[in-house]
Structure formats: structure tokens, C-alpha cells
Number of protein chains: 2
Amino acid sequence: MAGKRVTLKDIAERTNYTINTVSRALKDKEDIALETRKKIQRLAKEMGYIENSVAGSLRSGYSKTIAVIVGDISNPHFGIIVKEIEKAARKHRYTIIVLNTEDREELEESAIRTALSKNVDGIIICPSQRSEDNIWFLQRTGVPFVLIGRRFKSIPEFDYVICDDEKGGYLATKYLLDTGHKRILFLNGPLHISSAEERYEGYKKALQEYGVPLDPQLVREPGLIQSETRHLIRSLIEEGVDFTGVFAFNDVIAWETIYMLQKLGYGVPKDYSVIGFDNINARIFSPSPLTSISNSKSKMSRRALDILLKKINESQAGKSGGYREVVDTRLVVRDSTRNSH
Amino acid sequence: MAGKRVTLKDIAERTNYTINTVSRALKDKEDIALETRKKIQRLAKEMGYIENSVAGSLRSGYSKTIAVIVGDISNPHFGIIVKEIEKAARKHRYTIIVLNTEDREELEESAIRTALSKNVDGIIICPSQRSEDNIWFLQRTGVPFVLIGRRFKSIPEFDYVICDDEKGGYLATKYLLDTGHKRILFLNGPLHISSAEERYEGYKKALQEYGVPLDPQLVREPGLIQSETRHLIRSLIEEGVDFTGVFAFNDVIAWETIYMLQKLGYGVPKDYSVIGFDNINARIFSPSPLTSISNSKSKMSRRALDILLKKINESQAGKSGGYREVVDTRLVVRDSTRNSH
DNA sequence: TAATCTTTCTTGAACGTTAATGTTATGATC
DNA sequence: GATCATAACATTAACGTTCAAGAAAGATTA
């Protein structure tokens, strides 16, 4: 049933041209007579030829493939990013391979190795930031790459595209302050991640601007396991910790927070205002729209790809990077916050 | 800076063994002396060797790669499936490449072609079901594949793993009937998709069992664009169409429905009971939990991969498929439905 | 002690493509 | 009519592996 796969050689034999001529004809090269090209192309289609890009890649050195390495594709935030990268890549006739790291260092290393072993032309990676080692390793291989969503601010060698996390943190906090909240709980992500650290900067900046003292008790890192957020909220309420506003590192944590507050008998936004980050499609997970900080994931994805392609082409010309891009963030007010003045 | 990539040849020259010996040593083959293996492996690591799996794949004929082709990875339903497949594949040292079809026939064809050109060992695909052609094409290539989530019931050649859609439709409808609803709005997906068709069967079966006549006015296909659901709900309410229960094709449509009903001043579950499908929010706790039909995505994914690997190995032995698997579905009652007796 | 087996490695070719360079006929140029 | 350019194809080698054999050495057996 399978029927051996058709190769250039098979087409060459049928047409009495050489393999090379067939190859060039199928690529529509100008130095093959138009008529010959048409004839060969027609026959190739007829015979059901499918190019073997593995062989081509081995010979030519490039694979028209880029790797996208993220922590967790099932997280809608990354899901959207991966989708947008794929869409943009397709326009340039690139294929993507997706690798998960679970934000673990070993898996990150093996993901990078896998990508390299597949001869990808470039890599877009959201680094776990457990350490710099894996990225330095990647850098040394000379394969073009771009960080997305997170950066190593002090390492100029690592190009990146991020959103303006500090501004996002600032806008969220400022909005809560503007609407009358003074005690703002910040449920941050792990601080080794640049986005967490920079959103924290924004949080502090806004507090300072409004003369509100920073209360360490109100700055927490519930971590990525979802139940953690719920437990944390419960214990904060039980301990009687005083706050009326919540700024969450992402929308998922925000939803968790709202869920638990409601469960404990409080209203959102009646008793607490909650603001998230990422602006994940408002109603995929809940009918009650969440106030959030919007970071344009499609823009970030497209820019990351553009830069990567530029680096891929430049690296053929022997030049180097220096790309660092910060995409704007903005506040989107919805129903999980209210003015409490 | 780049520093040419280390190959087996480089290691061979340093060690005075042959390329082949080096290759076999790195693969830990028994017929190379243990000591030699260790020595070569150590040096390979030292020199920063990364295997060129493209070359290996060309020679050996298999790539240790499988393609996963879905409509939209940014849809959490597929996001979870892709993630689970990746996780399972990794255990067997397979890499996945992800391709989007946007449920469009041309993109589906080009996705399949791309996958084949990369010499993937197998394909897991959620077919657009716009037609059978692409899948027949795939079948003729002889490359092992498994359908996931959707099936062509009458084509025995196409192996699949789906969830029990009919049972799911039945359970959802039965539950609404059991809790006192007689007028049940069914917001279905496009009928050319098998899961939509089979859930519809379940819906009809439950109605029949309870002696409730089928009202065509209550069976709608709002489509995948989210605003469509909202418009539809609004116009149904405005037209005064009579219903108290809603069974939605997926959780996203369910959320949209709840959102619009609330916007129009109705309560859920006070005035309307709404039930979804996919049980997406099981992972992400949202403020208002949705009653839903749970289909085990991780189980489906794992089974699909198991079957695919089996087919990959069998196809080397020259055997053929015949795998059709239906994973159980069950009802998960949460807060968007209530007993209205 | 010759024959046979093991162990451990080597040899040569092949996978299907593309890059670089060569060849041939044809027509243009002076 | 000799020279040169051009169009259109051919030839050869190479990409980095792995596969199928084979071979040299010592160990084992009859």
C-alpha cells in the first residue's frame, strides 16, 4: 500500500533530465527553460513528489525551521504566542517546532539541544531564568536566537522582545491607587523571572509616587501551582491582613484570587478590586471580565520573528545582533475593579 | 564567534577511531568496548558535540519526530492536547512539530505536506473534516497517523482516538432534563465535524427518552467566532424564544452564553442553567465554575501517541492498523446549573 | 594445533538533496 | 570565420550520519 516515495531521481529518469535539472526546475530557477520547468513540475505533481527537506537541509545547511521553546504551551498566554509565531513564520515559509521546558533547567537544556540537533535556523525562547547557563550555551553555538517575554537586562549579548513590564506594574498599581485603594496586595511571580522583577519595580514606583509606604507583608509570590494562590488568599483573610486592592502577576492568579474571595463571602469588585496581567481573551475562562494589563502578544510574537529572521540573514553575512525591543502595555478596565472613593 | 560545529569526524580524528566507531560509542552500542565508549563520550562532551539528527534521519529513514496538526493551538483545548502529546512523546525520545490548520482545507493540506517533507515518523491530526481528501492523501503516503478528537466513522482505514461525544451529549441533556428543564437550547458546533454530529445524537437520544419533542428552533450552530454566540443569545432572548437550559458545544461558547445572559439581566443558574463541554476550567479555577462534560484530554493524548508508536513500529514490520478508541466522558456538576424542580 | 568463535573495531557505500563547476550548442559580434 | 557571450543543461562532489559487511586479534574448542 505504501508505495515507495518519489524522489528527484525518479523524476529525472522519467524525463531524461538530470537530478540537478529536476531540482532546479522544481525550484523555478531561471536557468532552466520555462517549458522544461513546466513539464517537470507537471510530472512531479503527477507522480506525487514530496520534497525531502531533510536531505535538502543536510546539503544546504539551513532547514527553514525555527524552534519555539516555552515553559508550557497549554498556558493560553504561550498558546497565543506560539500561534502568532507560527502564523508569521508560515508567511516566510518557515515551520516551527515547539518544545516545552516546564520552566525547568534540565528540560530547557535538552530542548535547546534537540532544537540544535534538528538544525533549526533560529530559536525563539522564553527562558526559564533558573540560570544564565543554557542561554550562554546557546549563544556560543552561534545559532541565532531571540528571547521573548523575559530578558537578562544586564547581558547585552542576549537580544529580546518583551512587553513593558515595569510600566504594566506601574499602571496597575496606579489605577488601584487612583480608585482609592491604599493597601494593595501584590501577588507576584517568582523574582528570578525578569517580568516579575520589573513589574515589582513598577509597583514600588507607583506606591512611592503616591506616598504610600511599601508593606513587605503585602508582597507575595504564590508560585505557579494554582492551589497555592487559593491557600494564600484564605490564610491572608483569616489572619486579618488588611488590603482592598489586588494586583496579580497574571490573569490566572487573578481569577484564582477572585474565586477564593467569593468563596469566602466577599464581593469583587464590591469588597476587593482585582487586576490581572496578560489580558487573556476575556471570556475564555469566565463570564465576568477581568480588569487586566494588556500586552500585545501578537505584536511581540511578530517582532520576535522579524528580529530572528533578520539575525538569520545577517549571520549569513557575518554580522551580529543588538536587538532589544519593549512592546507597550496598557490598562484595560473591566468588571473586577471599581472606584471606591 | 560561532566556531564550526563539531562532527563525528572531528571526534574520530582526535581519538584515532573511525567515524563509525564514534557514532556507535555515542549510542552506547554493546559492540564497542566499555572503556572506549566512555572515553569517546567524555571527549564528545568536552568538545561540545551536538548530534546532527538531520543527517542521521536522512540515512536511517526515521526522524524520531512526529507532527501534531490541529486547528488552533491557542485554543486551550488543543493547547492541553498538544502539551500532553509532547510530554508523552518526550518519554519515548520523540520530538513534536506543531502545525496549525485554522480548520481550513488548504492549510491542512500544506501542513500535511510540510510534515511529510520533514520525514516525520508519524502524524497525530485533528482533521478539519472539510472533506476526506487530505486524509486519504495522507493514507496513501503510508506514513502512520492517528486522528484525534474527530473521526470518519464510516471509513475503517482511519484510526482514531476520540472521547465519547454521544454519551457526553446525552449526559448533558439528561442532566438538564433531570433537573427540570424541558426547553433546552443546544448551541452546537458545525455539523461536518463528527464531534458536533455525535453530541447532537446524544442530545436527541436524551430528549426522546424523556418524551420531549425535538424543537429545531432550539438547535443552533453559532460558529467559532465568539461574538456570534453573543449575538445569537441576544436575538433569541429578544425574540422571546422559550428555553431555560443551555447545552453548549464547548466551554468557550458556554462562557459567552453566560456572559450575555447576565448582561441582559438574567441570572445563571437562577434563570438559566448552562452546561459546557471540554471541562477546560478544571485547571484554571475561574470565579464562576462551569458545569461541563469532562473528556480526559491527557488520556486521549496518551492513547493517540501509544497507538501512533505502535503503528510506527508495526509499519516497519509491515502490518496495519485497525485502532479505534473512544475515551469515556463524564458529567462534572458545578455552579452554572441548578435543580429547578 | 587447526578450526571456530568472540570481541572490537574498520571499510565502503548509501540516504536525497544542492553547490560549484563544466560542457555543449546556438547565436551575436567584430 | 574566429571569438565570445549566453542559454540550458550535465557532472561531480559534498553534507554528516548509519547500515551492511568485513577483518584483525585473542580466546575457546575439538
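Letters A, B, ... mirror the listed sequences (proteins, then strands); counts begin at 1.
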Quiz item: Hey, what bend do you get for the helix from C:dT1-D:dA30 to C:dC30-D:dG1 if you fit axes on five pairs at each end, rounded to 10°?
Solution: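 What I find for the helix from C:dT1-D:dA30 to C:dC30-D:dG1 is an axis angle of 50°.
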
Flag the pair [X] and [Y] as a salt bridge only when some basic side-chain nitrogen lies within less than 4.0 angstrom of an acidic carboxylate oxygen.
X        : Y        : value
A:Arg37  : A:Asp28  : yes
B:Glu35  : B:Lys39  : no
B:Lys311 : B:Asp159 : yes

Quiz item: Please walk me through it: do B:Glu109 and B:Arg113 pass salt bridge (charged side-chain N to carboxylate O under 4.0 Å, His left out)?
Solution: CA-CA 6 Å; B:Glu109 187 191 337; B:Arg113 285 186 179 281; 3.1 Å; yes

Using the test side-chain contact (heavy atoms from CB on, under 4.5 Å), find all partners of [X] that sit at least two apart in sequence or belong to another chain.
X        : value
B:Asp31  : B:Arg24, B:Lys29
A:Ser194 : A:Gln129, A:Arg150, A:Arg151, A:Glu198
B:Glu102 : A:Lys87, A:Arg90, B:Arg104, B:Leu107
B:Ser57  : A:Val54, B:Ser63, B:Asn119

Quiz item: Going by heavy atoms closer than 4.0 Å, what residues in residues 112-123 of chain B are next to DNA chain C?
Solution: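 None, since no heavy atom is under 4.0 Å.
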
Practice problem: Report, as a single string ordered 5' to 3', how protein heavy atoms within less than 4.0 Å touch nucleotides 5-11 of chain D: B base, S sugar-phosphate only, - not at all. | Solution: ---BBBB

Quiz item: What do the steps show when you test B:Thr114 against B:Ser117 for side chain to side chain donor-acceptor pair (under 3.5 Å), and what is the final call?
Solution: CA-CA 5 Å; B:Thr114 302; B:Ser117 87; 5.6 Å; no

Quiz item: What are the two closest non-hydrogen atoms of A:Leu308 and A:Pro144, and how far apart are they?
Solution: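 So the minimum-distance heavy-atom pair works out to CD1-O, 3.6 Å.
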
Exercise. Please list all pairs passing the ring-ring contact (aromatic ring centres under 6.0 Å, His included) test where one or both residues lie in residues 69-105 of chain A, with sequence neighbours left out.
Key: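 Qualifying pairs, neighbours excluded: none.
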
Quiz prompt | Flag, side chain of A:Asp121 to backbone of A:Lys64, donor-acceptor distance under 3.5 Å | solution =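 Yes.
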
Practice problem: Kindly state which residues belonging to residues 48-59 of chain A come within less than 4.0 angstrom of DNA chain D, counting heavy atoms of the residue only, listed by number. | Solution: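 Close to the strand are A:Leu58, A:Arg59.
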
Quiz item: Nucleotide range of DNA chain C contacted by chain A, 5' to 3', under 4.0 Å to a heavy atom?
Solution: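 First-to-last contact on DNA chain C, by the 4.0 Å heavy-atom rule, is C:dG16 to C:dA20.
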
Practice problem: For the residue pair A:Glu108 and A:Ser128, confirm or rule out a side-chain donor-acceptor distance under 3.5 Å. | Solution: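 Side-chain D/A pair, A:Glu108 to A:Ser128: present.
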
Self-check item: Qualifying salt bridge (Lys or Arg N to Asp or Glu O under 4.0 Å) pairs with a residue from residues 7-16 of chain B, counting only residues at least two apart or across chains
Solution: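 Every candidate salt bridge (Lys or Arg N to Asp or Glu O under 4.0 Å) pair involving residues 7-16 of chain B fails, so no pair, neighbours aside, qualifies.
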
Self-check item: Partners meeting salt bridge (charged side-chain N to carboxylate O under 4.0 Å, His left out) with B:Asp72 (sequence neighbours left out)
Solution: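 Salt bridge (charged side-chain N to carboxylate O under 4.0 Å, His left out) check on B:Asp72 returns A:Lys83.
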
